[in-house]
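These notes are about the structure you will find just below.
Computed from a prediction, not measured in an experiment: that's the story for all the values here.
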Amino acid sequence: MLGVSACQTGMISVSGGCEIVLVRVICDSSEPREFVLRRIINQDWLGREGDLVHREATALQLIGGVPVPTPGVVATDSSGLRTGRPCLLMTRLSGQPWNDCRNINVETLAELATTLRMLHDYDCGGGLTQLPPYRPHHWRTERMAAPPTWTQHMNTWNRAVAMVLAWDDATARSARPRLIHRDYRLGNTLWRDNRLVGVVDWITACYGDSNADVGHCRWNLCRAYGPEAADSFSKLYDLKHYDPLWDLLAVVGGVLDTPPQNSDEASRLDYFVEAAVSARLC
């Protein structure tokens, strides 16, 4: 049995209530192996979302047979009793994170859309109910019920919040349940030579209507690149009979953790919400 002769670590990022650490293990007579360690450091997030380590590990095991590369589970410490914080050790995927400074094009959107369709079409069998059912971020909290202070369209946001709070999650469960990433966006994908080669960050995975992922990706595309990118993504996903309420379910809760960084982004988000509200009122 090979022994570990050295172990090197380096911080990759701290975001979303987590520390992401690169772990490089060097064994005797062996090439170095790299892993990713996620440590959850936000107790409030754990209180809202439950056992996040078990959740991500379960999702990665369920999706392991899909052609899209996803991390493999190496070890877990859901309670944090052994490591001080709830932790998940995963294999590291090759590829580079999406660079927000890159221009978006049809080829990129096609990669993003077809990959999501592939994930949704994958049959996870009866294991889906090991995950929680879909709920929007900050579901029915006081923070969700209040429109953001930065909006220039307060009345429209109030209507959007009312629509979201009236959403019947039992109706969503009546659709054929699919594995939902719940944070599917460019920032959680890996790329090589303009090809999408990995999907990461399954920590809030759940099951439910696949349109939840579509709405989440649409609002992230709109905030970064404008409504044309969001609509092109929908067409490339081959979206049919889409209820714009999914856009609102994504943005109303999600924007609380990721508010706009500038006035242009805020304007695009206002437009996104106004378009979804108007479509539902027609």
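Closest of all the heavy-atom pairs between Cys206 and Arg55 is CB-NH2, 4.1 Å. Scanning both residues, Leu190 and Pro97, for their nearest heavy atoms gives CD2-N, 3.8 Å. Between Val200 and Pro71, the closest heavy-atom pair is CG1-CG, 4.1 Å. Of all heavy-atom pairs spanning Val161 and Ala145, the tightest one is CG1-O, 3.5 Å. Across all their heavy atoms, Thr76 and Ala57 have their closest contact at CG2-CB, 3.9 Å. Residues Leu88 and Ala75 come closest through the heavy atom pair CD1-O, 3.5 Å.
Ring orientation note: the planes of Trp157 and Trp150 are nearly perpendicular, at an angle over 60° on the 30°/60° scale. Relative orientation of the Trp246 and Trp167 rings is perpendicular, given thresholds of 30° and 60° on the angle between their planes.
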Do Trp219 and Asp247 pass the side-chain contact (heavy atoms from CB on, under 4.5 Å) test, and can you show the C-alpha distance, the side-chain angles, and the key distance before you say yes or no? CA-CA 7 Å; Trp219 83 267; Asp247 288 352; 6.0 Å; no

Given Leu52 and Arg38, is the side-chain contact (heavy atoms from CB on, under 4.5 Å) satisfied, shown in steps? CA-CA 11 Å; Leu52 291 167; Arg38 185 199 297 279; over 6 Å; no

Using side-chain contact (heavy atoms from CB on, under 4.5 Å), reason through Arg48 and Asn42 one step at a time and then give a plain yes or no. CA-CA 10 Å; Arg48 285 191 286 112; Asn42 189 315; 5.9 Å; no

Could you check Leu186 against Trp191 for side-chain contact (heavy atoms from CB on, under 4.5 Å), going step by step and ending with a plain yes or no? CA-CA 10 Å; Leu186 283 168; Trp191 297 77; 3.7 Å; yes

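When atom types are taken as modelled, the side chain of Asn220 and the backbone of Arg185 share no donor-acceptor pair closer than 3.5 angstrom. Put simply, the side chain of Arg143 never gets that close to the backbone of Gly253: no donor and acceptor are under 3.5 Å apart. With hydrogens and angles ignored, the 3.5 Å screen pairs no side-chain donor or acceptor of Glu274 with any backbone N or O of Phe272. At least one donor-acceptor pair closer than 3.5 Å links the side chain of Tyr184 to the backbone N or O of Leu112. Counting only distance, with no hydrogens or angles, the side chain of Arg280 and the backbone of Ala160 share no donor-acceptor pair below 3.5 Å.
Hydrophobic clustering (ILVMFWY, side-chain heavy atoms < 4.5 Å, transitive): Leu81 and Val53 are in distinct clusters. Linking Ile, Leu, Val, Met, Phe, Trp and Tyr residues whenever their side-chain heavy atoms come within less than 4.5 Å places Leu131 and Ile40 in a single cluster. Hydrophobic clustering of Ile, Leu, Val, Met, Phe, Trp and Tyr side chains at less than 4.5 Å, counting indirect connections, unites Met163 with Val251. Follow the hydrophobic side-chain contacts under 4.5 Å out from Ile20 and you reach Val199 in the same cluster. Under the 4.5 Å side-chain contact rule for hydrophobic residues, Val277 and Met154 do not share a cluster.
We find the CG-NE2 distance between Leu256 and His137 to be 10.0 Å, quoted to the nearest 0.5 Å. How far OG of Ser234 is from OH of Tyr242: 6.5 Å, rounded to the nearest 0.5 Å. Residue Ile104 holds its CD1 atom at 5.0 Å from OH of Tyr225, rounded to the nearest 0.5 Å. Between the CG atom in Leu119 and the OG1 atom in Thr70 there is a gap of 8.0 Å [rounded to 0.5 Å]. Note that CG of Asp201 and CD of Glu56 are 6.5 Å apart. Values are rounded to the nearest 0.5 Å. Here Leu236 contributes atom CG and Asp231 contributes atom CG; the two are 11.0 Å apart, rounded to the nearest 0.5 Å.
Counting only heavy atoms from C-beta outward, the side chains of Asp51 and Pro86 never approach each other to under 4.5 Å. Phe233 is listed as a side-chain neighbour of Val214, based on a closest heavy-atom distance under 4.5 Å. Looking only at side-chain heavy atoms (C-beta outward), Met144 and Val252 come within less than 4.5 Å of each other. Using a 4.5 Å heavy-atom threshold, the side chains of Thr115 and Thr189 count as separate. Side chains of Leu221 and Leu109 form a contact here, defined as non-hydrogen atoms less than 4.5 Å apart.
Other residues, nucleotides and ligands contribute at most 12 non-hydrogen atoms within 6.0 Å of the CD atom of Gln96. Other residues, nucleotides and ligands contribute over 12 non-hydrogen atoms within 6.0 Å of the OH atom of Tyr122. Atom CZ of Arg140 is surrounded by more than 12 heavy atoms from other residues, nucleotides or ligands within 6.0 Å. For CG of Asn262, the number of neighbouring non-hydrogen atoms (other residues, nucleotides, ligands) closer than 6.0 Å is greater than 12.
Checked for salt-bridge contact, Glu19 and Arg85 miss the test: no charged N lies under 4.0 Å from a carboxylate O.
Judged purely by distance below 3.5 Å, without hydrogens or angles, the side chains of Asn188 and Trp202 never pair a donor atom with an acceptor atom. There is a side-chain donor-acceptor pair under 3.5 Å between His138 and Asp257. A donor and an acceptor atom, one from each side chain of Asn105 and Thr108, are located under 3.5 Å apart. Side chain to side chain, Thr258 and Arg223 meet the donor-acceptor criterion of an N or O pair below 3.5 Å.
Only one option out of Arg218, Arg178, His120 pairs with Asp213 in a side chain to side chain donor-acceptor pair (under 3.5 Å); it is His120.
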